[in-house]
Amino acid sequence: MITIYSADWCQPCKQLKKMLDNNEIEYTVIDIDKAPETARSLGIRGVPTIINELGERRVGAITLAQVKELIS
């Protein structure tokens with residue numbers, strides 16, 4: 001499971017979510033505009049930021065291969 005920190009206005013965030021949905025990859029989304037304190041406390045400075053269960057993170061648009069590497 002991965003968590004995506006995103007924003008409604010972020011085009012790479014929309015593309016990432018569509019890619020994950022198309023590949024049936026489970027994820028949760030936290031909108032940084034609706035939860036600014038959470039984003040700030042985690043040091044989220046760019047979107048999309050993807051964090052896996054181990055705390056590893058990637059920032060920006062990433063490929064499906066990079067997502068799979070993050071969740072393996």
Side-chain angles (χ1 to χ4, degrees):
M1 175 74 80
I2 56 176
T3 302
I4 302 170
Y5 292 85
S6 69
D8 289 338
W9 47 264
C10 171
Q11 192 60 39
C13 298
K14 293 175 186 178
Q15 293 170 341
L16 175 63
K17 289 185 256 183
K18 183 176 181 180
M19 177 180 63
L20 296 175
D21 290 339
N22 288 341
N23 288 280
E24 299 179 358
I25 296 172
E26 291 184 37
Y27 63 95
T28 57
V29 177
I30 297 179
D31 188 315
I32 63 163
D33 292 328
K34 295 178 181 169
E37 291 301 318
T38 300
R40 195 171 3 266
S41 71
L42 292 171
I44 305 297
R45 299 182 64 125
V47 289
T49 294
I50 304 100
I51 302 177
N52 69 8
E53 294 172 337
L54 299 175
E56 300 168 321
R57 64 175 66 194
R58 302 286 186 277
V59 180
I62 65 173
T63 66
L64 180 59
Q66 291 171 313
V67 171
K68 288 182 176 182
E69 180 181 309
L70 200 65
I71 60 176
S72 63

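Along the sequence shown, residues are numbered consecutively beginning with 1.
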Of all heavy-atom pairs linking Asp33 and Asp31, the shortest is N-OD1, 2.7 Å

Closest non-hydrogen atom pair between Thr63 and Gln66, with its separation
N-OE1, 2.8 Å

Please report the C-alpha distance between Leu20 and Ile4 in whole Å, then the side-chain angles of each, then the deciding distance to 0.1 Å, and finally whether the side chain to side chain contact (heavy atoms under 4.5 Å, CB included) criterion is met.
CA-CA 11 Å; Leu20 296 175; Ile4 302 170; 3.2 Å; yes

Any non-hydrogen side-chain atom of Val67 less than 4.5 Å from a side-chain atom of Asn23?
no

Which side-chain N or O atoms in residues 37-51 pair as donor and acceptor under 3.5 Å with protein atoms at least two apart or in another chain?
from	atom 1	to	atom 2	distance (Å)
Glu37	OE2	Arg40	NH2	2.8
Ser41	OG	Glu37	O	3.4
Ser41	OG	Thr38	O	2.8
Thr49	OG1	Gly46	O	2.5

Would you list the atom pairs, donor with acceptor, under 3.5 Å between side chains in residues 10-18 and any protein atom, with sequence neighbours excluded?
from	atom 1	to	atom 2	distance (Å)
Lys14	NZ	Asp8	O	3.3

How long is the gap from CD on Glu53 to CD1 on Ile71, to the nearest 0.5 Å?
9.5 Å

Distance from Arg57 atom CZ to Thr3 atom OG1, nearest 0.5 Å?
11.0 Å

Among residues at least two apart in sequence or on other chains, which ones pass side-chain contact (heavy atoms from CB on, under 4.5 Å) with Glu69?
Arg58

Taking Tyr27 as the starting point, is it possible to reach Ile30 by hopping between hydrophobic residues whose side chains are less than 4.5 Å apart?
no

